[in-house]
Amino acid sequence: MKKFIAFLFLFATPFVFGYALQYHPFLLQVKDKHGVTLAKILDKVYVDKIEVRNNRCYYIEMTSSADVGYEIDRCKVEYTQQSIYSQADRLNGIEIKGTVWVEGNSYRIRKAGESWSEWKSSELLPRLHWFQRTGFEFRKQNGEFEFVPTSGVKRIRGSSGYVSQNRVRKIQNGEASGIVIQESGSGKIVIQESR
């Protein structure tokens with residue numbers, strides 16, 4: 001029995017620690033004060049927003065007229081980092097700040113009840129196309145990551161369904177309410193998004 005459990009642990013471990021999305025190498029390296037990579041945290045941030053299957057991302061953008069489904073080929077999480085920090089940033093303990101978003105080289109859309117459109121390219125200016133739809137502003141302050149969604153990302157949900165209200169716990173993080181996605185000792189990772 002012990003050998004079977006050891007066998008299960010050895011072969012199950014890569015799946016437990018795998019990432020749902022493909023990440024820029026920087027996001028796999030930078031860590032919070034608990035040693036958790038930004039990529040691992042972003043997997044949790046995007047879990048209810050983006051569904052990943054066979055290196056393609058799927059999400060539904062909720063609009064006033066009709067929900068629109070997106071399929072993104074070769075999707076990955078990209079980022080830009082601000083390189084200029086003010087003295088106030090340094091005094092406030094801000095170590096890193098920037099923007100993350102999910103992008104791909106090609107995409108197609110489907111309005112509710114309709115069929116998929118033809119594939120379109122977004123290779124030339126991917127950031128401009130995807131940032132507002134799937135982006136989060138992020139910062140690492142005093143060793144902890146915080147995320148503020150763009151207006152577009154507030155309107156998207158994974159194609160598997162909408163987020164259930166009972167699955168989120170609201171907390172106070174300073175003045176901003178948000179959703180705790182990880183809590184370890186005094187460390188909190190918070191998405192500042194009202195539901």
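The basis for the numbers below is simple: all heavy atoms, side chains too, and nothing from hydrogens, waters or symmetry mates.
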State, with a plain yes or no, whether a side-chain heavy atom of [X] is found less than 4.5 Å away from one of [Y].
X      : Y      : result
Phe136 : Val45  : yes
Tyr59  : Arg157 : no
Val77  : Leu27  : yes
Leu21  : Leu42  : no

[X] and [Y]: which non-hydrogen atoms are nearest, and at how many Å?
X      : Y      : value
Thr134 : Ile156 : CG2-CD1, 4.2 Å
Cys75  : Val102 : CB-CG1, 4.2 Å
Lys33  : Asn142 : CD-O, 3.9 Å
Ser151 : Gln132 : OG-OE1, 3.9 Å
Val47  : Lys44  : CG1-O, 3.2 Å
Lys97  : Asp89  : NZ-OD2, 2.6 Å

Are Lys76 and Glu78 close enough for a salt bridge, meaning some N to O gap below 4.0 Å?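 Looking at Glu78 together with Lys76, the answer is yes, because their closest N to O distance falls below 4.0 Å.
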
Side-chain ([X]) to main-chain ([Y]) donor-acceptor, under 3.5 angstrom:
X      : Y      : result
Asp32  : His34  : yes
Thr150 : Gly135 : yes
Lys140 : Lys31  : yes
Tyr46  : Glu51  : no
Gln141 : Asn92  : yes
His24  : Phe26  : yes
Arg90  : Tyr85  : yes
Ser117 : Ile109 : yes
Glu95  : Gly143 : yes
Ser122 : Tyr107 : no

Rounded at 0.5 Å granularity, tell me how far [atom1] in [X] sits from [atom2] in [Y].
X      : Y      : atom1 : atom2 : result
Tyr23  : Lys40  : OH    : NZ    : 8.5 Å
Phe131 : Trp101 : CZ    : CH2   : 8.0 Å
Ile60  : Ile50  : CD1   : CD1   : 11.0 Å
Glu137 : Thr80  : CD    : OG1   : 7.5 Å
Ser86  : Ile94  : OG    : CD1   : 7.0 Å
Ile72  : Asn55  : CD1   : CG    : 11.5 Å

Please tell me whether Tyr70 and Arg133 have a donor and an acceptor in their side chains that are separated by less than 3.5 angstrom.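 Indeed, the side chains of Tyr70 and Arg133 share at least one donor-acceptor pair under 3.5 Å.
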
Which label fits Phe145 and Phe138: parallel for a plane angle under 30°, tilted from 30 to 60°, or perpendicular past 60°?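 Ring orientation of Phe145 relative to Phe138: tilted.
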
Measure from NZ or CZ of Arg53 to the centre of the six-membered ring of Tyr58 and say whether it is under 6.0 Å with the direction within 45° of the ring axis.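 Yes - Arg53 lies over the ring of Tyr58, closer than 6.0 Å to its centre and within 45° of its axis.
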
Transitive ILVMFWY side-chain link Leu28 to Val36, under 4.5 Å: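 In one cluster: yes.
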
